[in-house]
Amino acid sequence: MIRIPCPHCGPRDHAEFSYAGDATKIRPADPDAATAADWHDYVYFRDNPRGPHMEYWHHTQGCRAYVKVLRDTSTHEVLAAGMPGDTLEAGR
Amino acid sequence: MSESTTPPPRRSALANVWHPGDHGRIGFTGPQVTLRERRDITAIQLDAQRGTTDGVGKAVAAAFGLGLPGPGRATTTGDVRALWLGPDRWLLQTATPADLEPRLRSLTEGVGGVVVDQSHGRTILRIEGAKARDTLAKSTGIDLHPRAFAENAVAQTSLFQLAVTIDRRRGTSIFDVHAMRGFAVHLYEALLDAGGEYGVRLV
Amino acid sequence: MAEYSVFSLIRNALGGHKDWIRAWRDPEPKKHYDVIVIGGGGHGLATAYYLARNHGITNVAVLEKGWIGGGNVGRNTTIVRSNYMLDGNAHFYEHSLKLWEGLSRDLNYNVMFSQRGVLNLGHSDGQMDAYARRGNTMRLNGVDAELLDRKDVQRLYPHLDFSAAARFPIYGGLLQARGGTARHDAVAWGFARGADRLGVDIIQNCEVTGFERDGNRVTGIQTTRGTIGCGRVGMAVAGNTSRVAAMAGLRLPIESHVLQAFVSEPLKPLVDGVITYGAGHFYISQSDKGGLVLGGDLDFYNSYAQRGNLPTVEHVMACGLAMMPYLGRVRILRGWGGLMDMSMDGSPIISKTPIDNLYLNAGWCYGGFKATPGSGYVFAHTIANDTPHDFNKAMTLDRFATGHLIDEGGKGPTPKLH
Amino acid sequence: MIFGRVAIEQSHRLPTGGEIDRLAPLPFRFDGKAYRGYAGDTLASALLANGVTVVGRSFKYHRPRGVLSAGPEEPNALVELRGGGRKEPNSRATMIELFAGLEATSQHRWPSLALDIMELNDLASRFLVAGFYYKTFMGFPGWRFYEKRIRAAAGMGSGTVEWDPDRYEHMNTHCDVLVAGGGPSGLAAALMAGRAGARVILVEETDGLGGRLRSERETIDDKPAMGWVAKTRAELADMDEVRVLTRTTAFGCYDDNMVGALERVADHLAAPPEHMARQRLWHIRAGRVILATGAIERPLVFGGNDRPGVMLAGAVRSYLHRFAVTPGKRAVVVANNDDGYRTALDLARAGVEVMQVLDTRPAGAGAWRERAVAAGLDVMQRAAVVNAYGRMGVVGCDVATLDGHGGVGDTRYVPCDLIAASGGWSPSVHLHSHGDGKADWDDGIAAFVPGANRLGHVSVGAARGRFGLAEALSDGLKAGAEAAKACGFAIGAHPDTPITDEIATAPLKAIWSIPGPTDRTVKRFVDLQDDVTIDDIALAHREGFVSVEHLKRYTTLGMGTDQGKTSNITGHALLAEARGQPIPTVGTTRFRPPYTPVAMAAFAGAERGLHFSPVRRSAMHDWHAEHGAVFVEAGAWLRPQYYLRPGVTKAKAVMDRAIETEVRAVRSKVGLVDVSTLGKIDIQGPDAAEFLNRVYANGFKALPVGKARYGLMLREDGIVDDDGTTSRLGDTHYLMTTTTAHAAKVLADLEWYLQVVWPDLDVRVTSVTEQWAAMALAGPKAREVLAAAADHGTAVSNDALPYLGVINGSIAGVPVRLFRISFSGELGYEVNVPADWGTSVWEALIAAGEPHGITPYGMEAMGILRIEKGHVTHAELDGRITLDDVGMGRMASSKKWFVGRGMLDKPAFIDPERPKLVGLVPVDGKTRIPAGAILVADPATPPPVPKLGHVASSAYLSPTVGHPIALGFLARGRDRLGETVWAVFPLRNLSVQVKVVEPCFVDPEGSRLHV
Ligand SMILES: Cc1cc2nc3c(=O)[nH]c(=O)nc-3n(C[C@H](O)[C@H](O)[C@H](O)COP(=O)(O)OP(=O)(O)OC[C@H]3O[C@@H](n4cnc5c(N)ncnc54)[C@H](O)[C@@H]3O)c2cc1C
Ligand SMILES: NC(=O)c1ccc[n+]([C@@H]2O[C@H](COP(=O)([O-])OP(=O)(O)OC[C@H]3O[C@@H](n4cnc5c(N)ncnc54)[C@H](O)[C@@H]3O)[C@@H](O)[C@H]2O)c1
Ligand SMILES: Cc1cc2nc3c(=O)[nH]c(=O)nc-3n(C[C@H](O)[C@H](O)[C@H](O)COP(=O)(O)O)c2cc1C
Ligand SMILES: [Zn+2]
C-alpha cells in the first residue's frame, strides 16, 4: 500500500484516493490563444517518466482534496506531497 | 390542497432491518459491542468561501461559543458539535433539531459561508464497547489507536467500501460512524458481520 | 525431418539428449543491421521472424535489455481472442487469431494454442445489449461469436454463482469459441528460435540507451553493448515505450501502469475455458500445469515497478469469488506485475513516426499477447514497405490529432480506464 | 487400555519428550485408514509416528514421496485435507496441525497411493525431459487432443465445486515495529522494542514461539532454551502495546511497510466456531520491519535422493525433539556442514541406530566432528551417499568416498530406512526481496543473504545468515532497540546477550551435486515437487536457457507449491557450474508474494456474496418492496424495474404487461417514479454561474433564479460525458443533477476544475444526492395530483410553476423543492424531499393520485417513455458520441469556451459520414428491432459486411404508437429520413427491415409539456 501524505488528513492508504494522473500537464489557460496542437498535447500526451513523477491524487474517500504528489514510478516511493498549487521537491 | 403543517416523524434508512437485541457470539461477559443509530440529528455542512475562513470561524464562535476545529478534529459546545470534514469545510451537528440551518445561514451570510443541509443525507451509527475499535479495524485503514486517534479525532476515510466519517467521541471506545444514507443497510450488515465474533447488542 | 518432432524426441531420448542444439544462438552484435528491432518480447521477436520469413530481410537484430520473454509476453494471463467491435481493431485481431491457429506448425514449436473458448459474462440488460452489438459486429466481420442466455451459461459452467446471493446476477454472455490460451513463454521462445533459424541475431542483455541521428534519420543505436548501425528501426518495448521513445525525442499518448496477475497452486482440471466477469475486472483460465491463472484491473497509478499492491490483489480475488464461489479455498501461489503501455484510446499504435526510419509498435494495454503474431506480421510489413498493412492502417499515431480514435470502451483519454 | 494401544500403534513415537500432549490422543484418517496422534502433532509427525512413509506422489513422474521437511518448505507431503466445501488440495502435511477427526487423502495418484498407474511416466522419463512438450504434439489430431490428456495428468490435488461455508475477514493495524518470525532473534527484537514502549506486533507462522529452538536442544543462561522462550512470551504478553500472533504468516511485503499476514484462526480445529473467521488477513502498517524469518535447510543432490525416508537433517531433529518421533530405526546421515554431526548425535541419543555419518567436506578437525567420534559414531569424511534404494521407502544406500574431482571411490551398501541430509541453510530472504531488497551472495554459508533494502527492513538472526543462537539473540536485541529508537522511543539499558552453550561450527563446504552412478535410470533431483533433475538443468543449459529465469520457466524449477524453497539455490548453482560462472553472476530468480500460498477467500475477506460490493437503497425502497417492485441494479442503486400486482409471478409476458400498464398510465393519467438515484450537486459561490458556463457546453449564464435548464457536459476530448438539468435556486446557488451512473465522476470532475484548473473561481460543490429523495410525477393529471397533495401555500398552477420553473413548497408538512421538468414528455414535476421524509411525501402523492388512477412506474417504463421521446441515455451516450451525433450540436454555445470545445473541429468529428441519431420503425409494423442489432444496407452481403450503424435502444412495443420503435445511429442518418435499411442480428439469425424516422415518436412539438 502506498501511503500518501494528504496535506489535510495526514498519511493515508492510496486506496482511499483516486489517481488523477500527470500533474505536469497544464491546461491551456487562455482558450482563445490555444491552438489545436496545444489542446492535443494537453489531452493526449504524457511524459510518463520512470523515476520521479508529478501527479495528482484525489482524496475521494477522505477530504476530497486533490493532492499533488511527487512519486518515484520505479519504486512507488512518495518523495513529496502538497497542494495543487505547490511546487514540490523531493524530500519535502 | 392538504392541510398538514408539521412534518411527520423522520424515517430511518434502517427502519426495516433494525432488530434490537443481541447478535452473534455472546460470551460470558455479554456483547462486547453496542450499536445504536443516532436519529433525528440535524447536520449542517458549513463551507468557507475563498479567504473567509476567519470570518466564518468568528461568526460561528460568536454565535455558538464554538471554535471551528482544525484538520482531523472535532469540537463541542453544549449541544452543537463541529467536525472537520475537509479544507474549509465543517459539519455542525446537533441532536436538538431547531433552527440550526437558518441560524447558520443568517450568521454567515455576508461573511462568505456556504450552508448545505445534510441532516437527511447521512446515517449515523454509534458503536461502542470493548471491541468497537477492533470491529472498525476490520475494514478501515486508519490508525484508531488512542495514540493516533484520540478523543475528538475525526477522519474521513473508507469503511466497508464506503466513504465515511469516523468521529471518536468521549472515552476511548465510542465512535460515531457517518455514512451515506443509501448505504445504511450495507453498513449495518457489515458491522453486524464484523462484530459477530464479539457479540453485538443493537439498541 | 522437422527439427522438433516426436521422432527427433525419441531419437534424442535414446541418445541421452546430448544432441539438442541451442534454441537460439548467442551472437555478438554485428556492426550494422538492415533492421534493428528493439525489444525481445513477443512482438519484437515476431516482427523479426516475419521480416525474415515474409520479406526476406534477414540481416536483423533483436535487442533485448534482459532475457527474451522477460517482459509482458512472459507475465500475462495468455488470453487470446478476437472479439473486437471497431473496424480499426477487428480485422487486425482476427488476422492475428488466424495466425495463432497455424502457429505451432509454422514455427515448428508447440506454443500450446488451446481454443478452449473465451466467455464474457453479462450482468444487466444494458451489458447484454452491448455484447449483442459486439457479437453481431463480429459475425458481420466473419468472426465467430455466440450470444448465450443465462441457461446456456449455466449449461457450460453450472457452478458459477447462479444463486440469489449473487450480487451481480448472470444474465448471459458472449462466447468466442475460437478464443483460448497459449503457453506464453513458448511463444517468445518459438518466435526466437524461428527467427534465429532464418538468420536473425537475438542479442540479450543489450539495453538500448540512445539513438544516433542524422537529421531525421536514426543511424545507430546506442546500447549497453556498444553502438550498432541500422537501416531501419522498429520499437516494440511495451511498458517501456515512453522511455525508449524519449531517447529519440518522441512524446507519446501513453502511460505505463502496473497490472498484476496470479497463479494458484496446481489443480486437476477445474476450469475448462476462459471466463471473464462482467461486473468487475476479472478473468480466469487454467494452465496446462494446473494452476488457475487469473487477473483483474490495474493498480491505477503510473508504475515501472513490475509489482503491485494488496488492495488490487484483494479486489481481484473478491471478483473471482463473486463469479466462482467454489474457489474460496484455492490458494494463490504467486502474484506478479507487468508494465502496461496504456494508450489514450485503449488501442494499439503500429505506425510510422515523425522520424523517417523509426517505427513504433506500442499501446497494447491489457491485451497485446493475443496480438503477438498479428502485430509482428503487420509491423514487419510496415517496416519492410515503409507503409502500413491494411490491418494496421487505422492504428496510427496521428489518429489522436484527427479524432479517428479506436476507443472500444468509450473511456476517453484516461488510459487507466481502458 | 487406550494408552497402551496408542503406544503400540505409534510405532515410531519416543516414550518421552516433545511438545505433544500425550494425554490428548487424537484419532485421524489418512486415505481412509484410522490412526492416532497427539495434540501438538502435525499430520506429518503423526504419520511418521505411525510409520507411514509414503505420503504423496511427485508432479511429473508420479514417484512415491515421503516427508522431507518439518515446515512450510515441504515439497513432497501434499495431501487433500477435509472434504465437501472445505476440501483443500495441496495441503502440506508438515503444516497441518492435528485435530480430532482430521481426514486427509493422498492426491495426484490413481487408483491409490501405493499403486499409481501414472508411475509409468517414470519409466518414460527419458522422453519427458524438460520442455519435451514444446517439441511435439503439433500435428494431427491437434493440440487440444493431447492437451486434455496432459491436463488430466498434470495438476496436483483436486479442487471442489462446492462452496466454502467458512467466514473470512480482514484486520487492519498499525504498529511501530513489526517482527516477522518468533524464533530467538524475533523474540529478542520484540522484547527490546516492547520494553521501550513501542507498539509491537510479532507474527509467527507456526503454532508456537521458539523457532528452531523447538527443534534443538540448546540452552540459554544454562537452562533449556525453551524456558527462555516461555519467559519471554510471558513478558511480551504483559505488555499492553505488544501483540503476538501465532499461526500467522507474514506472506508479503508491500509498499511503504505494509505487510500482509495471514492468521489461521481456526485451521487447527475441525471447523471454525460460529461467527468466527476461519482465517484473518492482516494489513499491518509498520514504522519499522524486522525480518526474523530464519533459514531453510537444503537437501543434497544424490542418486535417489527423492526416496521416501530421505529427509532434511534439521527436520529429523524437529521430529525427534518437537514431536518425539523417530522417522526411522536405522539412519545414515550425510551433510556438507556440522549439522550432520548434530543430527547423528541426536538420533543416537534417541536410540536410533546410526549406521554411518558422512561428511562431504575434506578431512579436517572440528568440535562437532570430535563429539560425534567421541560418541562412537562411524564417521566418514569426504564421503557421501551416492544412491539410495527403495521404492516405497529407503531400504539402504550406496555410500562412497569422493575424489574431489567429480568421481567417487568404491561404493559400499549400507542398509537403512532413514537418510538425514543437510546441504546447508538458506536464509529466508523472501520478505526482504518482496520489498525491493537485493540479495547478496555469501560464500561462507553458500547462500544469498539480505543486501541493501530501500525500505529499511532489517533482517536478523538466521534470516541474515547468522546461524548461531547467541548471534541470533544479540542481533535481535540490537535490531529491536534500534527500531524502537527510530520510532522515537527511548531505549533503556541494553541487557547482556544471554549466554548459550553452543559448540563452534566448522565452515560449510558447498557441494551442489554428489557424483553418482553413471546408470541413466538413477535420477538426482533438484526440485522434488516438479521433478527437476540435474539432467534437466544440463539440458536447459545446452539448449540456451542459461538465464536463471529461463531455466526456471523451461524446467519449472521452483514453480511448484513450495516455490523452490529447498531447491532454487541448488538449481541456480548447478546452472552457474554449467556456465562456468560464479553464482552471484548467475543470480537468483525473483521472489514474489505470497511467501506461502494464501486462499483466495482470505484475500477477499468479508467482501463476498451480496457484500461483494455495497448496494444503495433509496429512501422509498421499503415502500417499493412492499408494493411488488422487482428491483434491478443501476450504478449500485437498487431501483424498481417494474411493479407486480400481488399474486402475479415474474414471467416475461407479465413483465411486459406490467411495463405496458405503467407506460399507458403515464401517457393517459399519471404515474410516479423514484428518481432519487440521479446525482445532485449543490453548487454555491460568487463564481457559480461562470463555472457552470465553463463546464456545460450550452450557456448557463443567463439562467434566471427559479429556473431549470437541461445541460450537456463534454469530456476534454470533445465527447459527450453527461447530461442533466441544473436549476438556479438563488443568486449564487445552483443545484445540478447528473445521471445515476456518472454522479460520482461528475462531482470529482467539478472538484478537479475548481481545485486544480480554475482555482481562481470561488465556488463550493457538495453532493446532496443522499439528502434529497426525488420522485417524478408525470402525466396529464400530474398537476391535479400535485395540487391535491401540496400543502396550503404551495401553488402549482401553470403561472406559479411554469415549465422549467423551480419553487419551494410543502407536501404533507414536509418542505420540498418542486421542479417542473419532464423526462417522459408529459406534464411533469420532480419533487425533492429531505430523504427521511421521502416515503411520507411519496405516500401523500400516491394518496392524492388515487382518484386519478396514479400508477407507480419503474425503470423499464421510464425507458420506453424516453425512447418514445427520443431522449438519450447512456445506451446512446456510450463514450464515443459527439453533440452533433445526437442532434444537439446547436446547443453548444459558440459564444463561450467550454470544456471539450477545443476538440470539436477534429476531422473525424465533423466527418459527414458519422453515424447520427435516428429513430427506427419496422417496415412491417410489427417486428421488434433488438438493441445491439447492426444497421446494414443489405442483409445478404457475405462477410465482411460494411456497417452503417447500430441500434442503441429499443422498445419492443411502444404502447403509445402501437408498434416497436428504436433509437439507433446511422451513417448520414439525418439525410436518410424515410429511407429503409436493415437491422441485422446474426447472433440470433434475425433481420428486420427498418424505416428511418425522426428520433421522436410522441409529441414532437412538446405541447404536452407546456399545458
Ligand atoms: C498481468 C498481465 C496480463 C495480461 N494478460 C493478457 C491477456 O490475457 N491477453 C492478452 O492478449 N494480453 C495480455 N497482456 C498484455 C500483453 O502481455 C502485452 O500487451 C504484450 O505482451 C506486449 O508485447 P510484448 O510481448 O512485445 O511485450 P514485452 O514482452 O514486454 O516486450 C518488450 C521487451 O522490450 C524490452 N525492452 C524494454 N526497454 C528496452 C530497452 N531500452 N532496450 C532493449 N530492450 C528493451 C523489455 O525488456 C521486454 O522484453 C497482459 C499483460 C500483463 C502484464
Ligand atoms: N544448525 C544451523 O546451522 C542452523 C541454521 C539456521 C538456524 N539455526 C538456529 O536457528 C535459530 C535462529 O534463530 P532465528 O530466530 O533467526 O530463526 P528461527 O528459525 O529460529 O525462527 C524463525 C521463525 O520465523 C518463523 N517464520 C518464518 N517465516 C515466517 C513468515 N513469513 N511469517 C511468520 N513467521 C515466519 C518460523 O516459523 C520460525 O519460527 C538459532 O537457534 C540457530 O541456532 C541453526
Ligand atoms: C500463464 C502463467 C502461468 C504461470 N504459472 C506458474 C506456476 O505454475 N508456478 C509458478 O511458480 N509461477 C507461475 N507463473 C508465474 C511466473 O513464475 C512469474 O511470476 C511470472 O512469469 C512473472 O515473472 P517474475 O515473477 O519473475 O517477475 C505463471 C505465469 C504465467 C504468465
Ligand atoms: Zn485528505
Side-chain angles (χ1 to χ4, degrees), chain B residues 1-13 15-16 23-25 39-40 45 47-51 88-89 112 114-122 134 136-145 147-148 160-162 180-187 189-190 193-194 196-199, chain D residues 167 169-174 199 273-277 283 285 605-607 610-611 613-619 621-622 625 636-637 676-677 682 684-686 762 764 766-773 787-792 794 810-815 834-840 844 848:
Chain B
M1 184 91 28
S2 135
E3 289 307 322
S4 351
T5 47
T6 52
R10 288 168 58 174
R11 182 183 163 89
S12 157
N16 229 21
H23 299 257
R25 191 178 167 80
R39 300 194 45 190
D40 298 329
Q45 182 183 306
D47 284 23
Q49 283 170 16
R50 169 113 358 86
D88 287 332
R89 176 168 288 178
V114 169
V115 170
V116 179
D117 188 356
Q118 296 282 24
S119 304
H120 293 242
R122 301 284 181 273
D134 284 347
L136 295 176
K138 288 186 180 183
S139 175
T140 183
I142 62 168
D143 189 357
L144 295 173
H145 189 284
R147 285 185 192 172
F160 303 114
Q161 307 178 58
L162 307 178
M180 284 194 265
R181 189 187 195 282
F183 288 121
V185 174
H186 171 84
L187 176 68
E189 289 174 352
D193 178 55
E197 67 169 305
Y198 313 123
Chain D
R167 265 193 91 234
E169 66 183 22
H170 292 171
M171 183 59 99
N172 291 276
T173 191
H174 297 247
R199 290 166 69 188
E274 224 196 329
H275 302 293
M276 293 290 287
H283 302 160
R285 296 158 185 84
E607 290 173 14
L610 290 170
H611 283 197
S613 165
V615 288
R616 214 164 168 182
R617 292 169 175 84
S618 98
H621 182 89
D622 296 339
W637 291 92
S676 303
T677 65
D682 184 276
Q684 301 194 47
D762 192 1
R764 307 288 301 183
T766 307
S767 168
V768 291
T769 306
E770 295 276 6
Q771 166 70 11
W772 299 95
D791 293 336
H792 189 74
T794 300
S810 151
I811 297 176
V814 174
D836 282 356
W837 289 313
T839 305
S840 310

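Just so it is clear, the values below take in all heavy atoms, side chains as well, and ignore hydrogens, waters and symmetry mates.
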Checking D:T173 against chain B: side chain, backbone, both or neither under 4.5 Å from a heavy atom? neither

Trace of the side-chain contact (heavy atoms from CB on, under 4.5 Å) decision for D:R616 with B:M180: CA-CA 9 Å; D:R616 214 164 168 182; B:M180 284 194 265; 3.5 Å; yes

Please rank B:L162, B:D117, B:V115, B:L187 by heavy-atom pairs under 4.5 Å with chain D and give me the top one. B:D117

Check ion pair D:D836-B:R39 (N to O, under 4.0 angstrom): no

Give a yes or no answer on whether the side chain of D:E770 reaches the backbone of B:G182 with a donor-acceptor pair at less than 3.5 Å. yes

Strictly by modelled atom types, are D:S613 and B:Q161 linked by a side-chain donor-acceptor pair under 3.5 Å? no

If you tally heavy-atom pairs under 4.5 Å against chain B, which of D:E274, D:H283, D:E607 wins? D:E607

Identify which part of D:T677 has an atom lying under 4.5 Å from any heavy atom of chain B, answering side chain, backbone, both or neither. neither

Are B:H186 and D:H611 near enough that their ring centres are under 6.0 Å apart? yes

Identify which part of B:R147 has an atom lying under 4.5 Å from any heavy atom of chain D, answering side chain, backbone, both or neither. side chain

If we define contacts as heavy-atom pairs under 4.5 Å, which of B:G121, B:A194, B:G199 has the most with chain D? B:G121

Most contact-rich option vs chain D, by heavy-atom pairs under 4.5 angstrom, among B:R50, B:H120, B:Q49, B:R89, is B:H120

Considering only heavy atoms from C-beta outward, does the side chain of D:V768 approach that of B:V116 to under 4.5 Å? yes

Short question: side chain of B:Q118, backbone of D:Q771 - any donor-acceptor pair under 3.5 Å? no

Can you measure from NE2 (D:H170) to CZ (B:F160) and round to the nearest 0.5 angstrom? 11.5 Å

For D:H174, does its backbone N or O pair with a side-chain atom of B:D143 as donor and acceptor, under 3.5 Å? no

With respect to chain B, which residue among D:A619, D:G685, D:A606 yields the maximal number of heavy-atom pairs within a distance under 4.5 Å? D:A619

Is it the side chain or the backbone of B:A48 that comes within 4.5 Å of chain D heavy atoms, both, or neither? backbone

Donor-acceptor pair, distance only, cut-off 3.5 Å: does the side chain of B:E189 make one with the backbone of D:L610? no

Would a distance-only check, ignoring hydrogens and angles, find a side-chain to backbone donor-acceptor pair under 3.5 Å from D:W837 to B:P7? no

Taking D:R764's backbone N and O only, do any of them form a donor-acceptor pair with B:D47's side chain (distance below 3.5 Å, no angle check)? no

So what's closer than 4.5 Å to chain B heavy atoms on D:R199: side chain, backbone, both or neither? both

Out of B:P9, B:S139, B:G141, return the one with the most heavy atom pairs under 4.5 angstrom to chain D. B:G141

Do you know which two heavy atoms are closest between D:A812 and B:P8, and how far apart they sit? O-CD, 3.3 Å

If you round to the nearest 0.5 Å, how far is CD of B:Q45 from OG1 of D:T766? 4.0 Å

Mind checking the CZ-CG spacing from D:R167 to B:D193? Nearest 0.5 Å is all I need. 4.0 Å

Can you tell which part of D:D682 gets under 4.5 Å to a heavy atom of chain B, answering side chain, backbone, both or neither? side chain

May I ask you to test the D:S840-B:R11 pair for a side-chain heavy-atom distance under 4.5 Å? no

